Amino acid sequence: MAMTAAWHLEQSDSVWNWQAGLSLGFGRQGSRTVLDRLSHRGPLRIQRPFLPEGPECPHVYILHPPGGMVSGDHLRLEAHLGADACALLTTPSSGKFYRARDNGTLQTQHNRFVLEEGASLEYLPQDTIAFEGCNARLITQLEVHGSARFCVADLLSLGRPAADEGFTRGRVEQHLDVRRDGRPIYIERNRFEGGDELLHAQWGLGGALVVGTWLATLILDRDQLDALRAEFEPVSQLAFTQRHGLLMARYLGHEAEHARNTFIRLWQRLRPLINGREACPPRIWNT
């Protein structure tokens, strides 16, 4: 396994900014998936892979020791899964975009995942919290080949209601792109402006500041989809649709913890259909 490390700082307006990156490569060796490539710079690391369900599908925790991003910070996460490799990636805590400087310098997180034929990726981070006054851009790109499978969760909390903080100032842009064999099958663009009518209007978020998208390579038949909708009917903030080989769940609500638990419950319910594996929640979700 090749490992390199380099701390990299850039100075802007007399404030130190982190430019951090992490690149992972997973390969299949017999009945095992191994981490065969790892490189990083700055404060973006992993713990050693955990094997709660055996060596076929390691669980990897993405660590960002600073805990949040300030103006000028840029985090880049890349993962390449070779043919038939399997991995679950998650985070031990919420990501945070703190208030930006007055000049509005961006805070950027860019995730890129490449899945070769037969690979299986589960990217299930905890939520991202956008503090009032932040200027954030979140980009997630998936390049999927052949019969590769995935499950991805993207959950955003605008402001901090528990701290009596709304989202009257600031900006968050979200980009979510999925391509299979070079063809786009899912493209999502969101832009949330603090104080904008979109946040409160009934045709927009209706005052609900927790929004999420859950995607999986799964198509259910009508009976299965009706049963899933009936099972999650008490969660009125959750809606399902499917097309282009993807099952999509959209969440709109008021509590990040409720949203996280809803997405976890959905993953536990459908994982056997997505990649043929029984649900095995990462231990870090219980802490």
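What you see is a predicted model; the values in this text were computed from it and never measured. Start at 1 with the first residue, then count along the sequence.
Formation of a donor-acceptor pair under 3.5 Å by the Asp127 side chain with backbone atoms of Gly95 is not found in this model. Between the side chain of Arg169 and the main chain of Gly194, no donor-acceptor pair closer than 3.5 Å is present. Checked by atom type and distance alone, the side chain of Asp73 pairs as donor or acceptor with a backbone atom of Val70 at under 3.5 Å. Counting only distance, with no hydrogens or angles, the side chain of Thr91 and the backbone of Gln126 share a donor-acceptor pair below 3.5 Å. The closest donor-acceptor contact from the side chain of Glu56 to the backbone of Arg32 lies at 3.5 Å or more, if one exists at all. Using a distance-only test at 3.5 Å, with no hydrogens or angles considered, no donor-acceptor pair links the side chain of Ser157 to the main chain of Val210. With Gln19 contributing its side chain and Gly72 its backbone, the two residues share a donor-acceptor pair below 3.5 Å. Judged purely by atom type and a 3.5 angstrom limit, Gln174 has no side-chain atom pairing as donor or acceptor with the backbone of Leu138.
Hydrophobic clustering places Leu198 together with Leu158 (ILVMFWY residues linked when any side-chain heavy atoms are closer than 4.5 Å, directly or through intermediates). Cluster annotation: Leu142 and Ile139 are assigned to distinct hydrophobic clusters (Ile/Leu/Val/Met/Phe/Trp/Tyr, side-chain heavy-atom contacts under 4.5 Å, transitive). When hydrophobic clusters are built by joining Ile, Leu, Val, Met, Phe, Trp and Tyr residues whose side-chain heavy atoms come closer than 4.5 Å, directly or via intermediates, Tyr61 is grouped together with Trp285. Residues Val34 and Leu121 do not share a hydrophobic cluster, clusters being chains of Ile/Leu/Val/Met/Phe/Trp/Tyr side chains in contact below 4.5 Å. Cluster annotation: Phe263 and Leu273 are assigned to the same hydrophobic cluster (Ile/Leu/Val/Met/Phe/Trp/Tyr, side-chain heavy-atom contacts under 4.5 Å, transitive).
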Hey, can you pull the donor-acceptor pairs under 3.5 Å for the side chains in residues 240-248, sequence neighbours left out?
| residue | atom | partner | partner atom | Å |
| --- | --- | --- | --- | --- |
| Gln242 | OE1 | Leu220 | N | 3.0 |
| Gln242 | NE2 | Leu220 | O | 2.9 |

Would you tabulate the side-chain donor-acceptor contacts of residues 77-84 under 3.5 Å, counting partners in other chains and residues two or more places apart, or write 'none'?
| residue | atom | partner | partner atom | Å |
| --- | --- | --- | --- | --- |
| Glu78 | OE2 | Arg76 | NE | 2.8 |
| Glu78 | OE2 | Arg76 | NH2 | 3.0 |
| His80 | NE2 | Glu116 | OE2 | 2.9 |

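Every residue two or more places apart in sequence or in another chain was checked for a side chain to side chain donor-acceptor pair (under 3.5 Å) with Thr108, and none qualifies. Every residue two or more places apart in sequence or in another chain that forms a salt bridge (charged side-chain N to carboxylate O under 4.0 Å, His left out) with Glu193 is listed here: Arg171, Arg191. Under the ring-ring contact (aromatic ring centres under 6.0 Å, His included) criterion, Phe97 pairs with no residue at all, not counting sequence neighbours. Residues meeting the salt bridge (charged side-chain N to carboxylate O under 4.0 Å, His left out) test with Asp154, sequence neighbours left out: none. Under the rule for a salt bridge (charged side-chain N to carboxylate O under 4.0 Å, His left out), Glu117 has no partner lying at least two apart in sequence or in another chain. Annotation: side chain to side chain donor-acceptor pair (under 3.5 Å) contacts of Ser120 (sequence neighbours excluded): Asn275. Evaluation of the salt bridge (charged side-chain N to carboxylate O under 4.0 Å, His left out) rule for Glu143 yields Arg112 as partners, not counting sequence neighbours.
Shown here is Arg283, whose CZ atom has no more than 12 heavy atoms of other residues, nucleotides or ligands within 6.0 Å.
For the salt bridge (Lys or Arg N to Asp or Glu O under 4.0 Å) with Glu122, the lone residue among Arg277, Arg271, Arg149 that qualifies is Arg271. Paired with Leu22 under the rule side-chain contact (heavy atoms from CB on, under 4.5 Å), one option of Leu38, Leu75, Asn111 passes, and it is Leu38.
Proximity of Thr128 to Lys96: side-chain heavy atoms (C-beta onward) are nowhere separated by under 4.5 Å. Gln47 is listed as a side-chain neighbour of Phe50, based on a closest heavy-atom distance under 4.5 Å. When side chains are defined from C-beta on, Leu270 counts as touching Leu218, because their heavy atoms get closer than 4.5 Å. Taking the side chain as every heavy atom from C-beta outward, Phe113 and Val144 never approach each other to under 4.5 Å. Counting only heavy atoms from C-beta outward, the side chains of Ile46 and Leu63 never approach each other to under 4.5 Å. Contact check for Asp177 versus Thr140: no side-chain heavy atoms found under the 4.5 Å cut-off.
Glu53 and His59 share a side-chain donor-acceptor pair at under 3.5 Å. In summary, the side chains of Glu132 and Thr168 do present a donor paired with an acceptor at a separation below 3.5 Å, with no hydrogens or angles considered. In the model, Gln141 has a side-chain atom that pairs as donor or acceptor with a side-chain atom of His110 under 3.5 Å. A donor atom on one side chain and an acceptor atom on the other are found under 3.5 Å apart for Glu188 and Asn190.
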Exercise for review: List the steps and the verdict of side-chain contact (heavy atoms from CB on, under 4.5 Å) for Cys151 and Trp267.
Suggested key: CA-CA 8 Å; Cys151 179; Trp267 169 79; 4.0 Å; yes
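Here the CE-SG distance, from Met69 to Cys134, works out to 10.5 Å after rounding to the nearest 0.5 Å. For the atom pair CG of Leu215 and OH of Tyr123, the computed distance is 13.0 Å after rounding to the nearest 0.5 Å.
For residues 210-225, there are no salt bridge (charged side-chain N to carboxylate O under 4.0 Å, His left out) pairs, not counting sequence neighbours. Residue pairs satisfying the ring pair (Phe, Tyr, Trp, His ring centres under 6.0 Å) criterion with at least one member in residues 144-168, sequence neighbours excluded, are absent. Within the structure, ring pair (Phe, Tyr, Trp, His ring centres under 6.0 Å) contacts touching residues 184-213 (residues at least two apart or in different chains) do not occur.
Cation-pi contact between Arg265 and Phe232: present, with separation from the ring centre below 6.0 Å and deviation from the ring axis of at most 45°.
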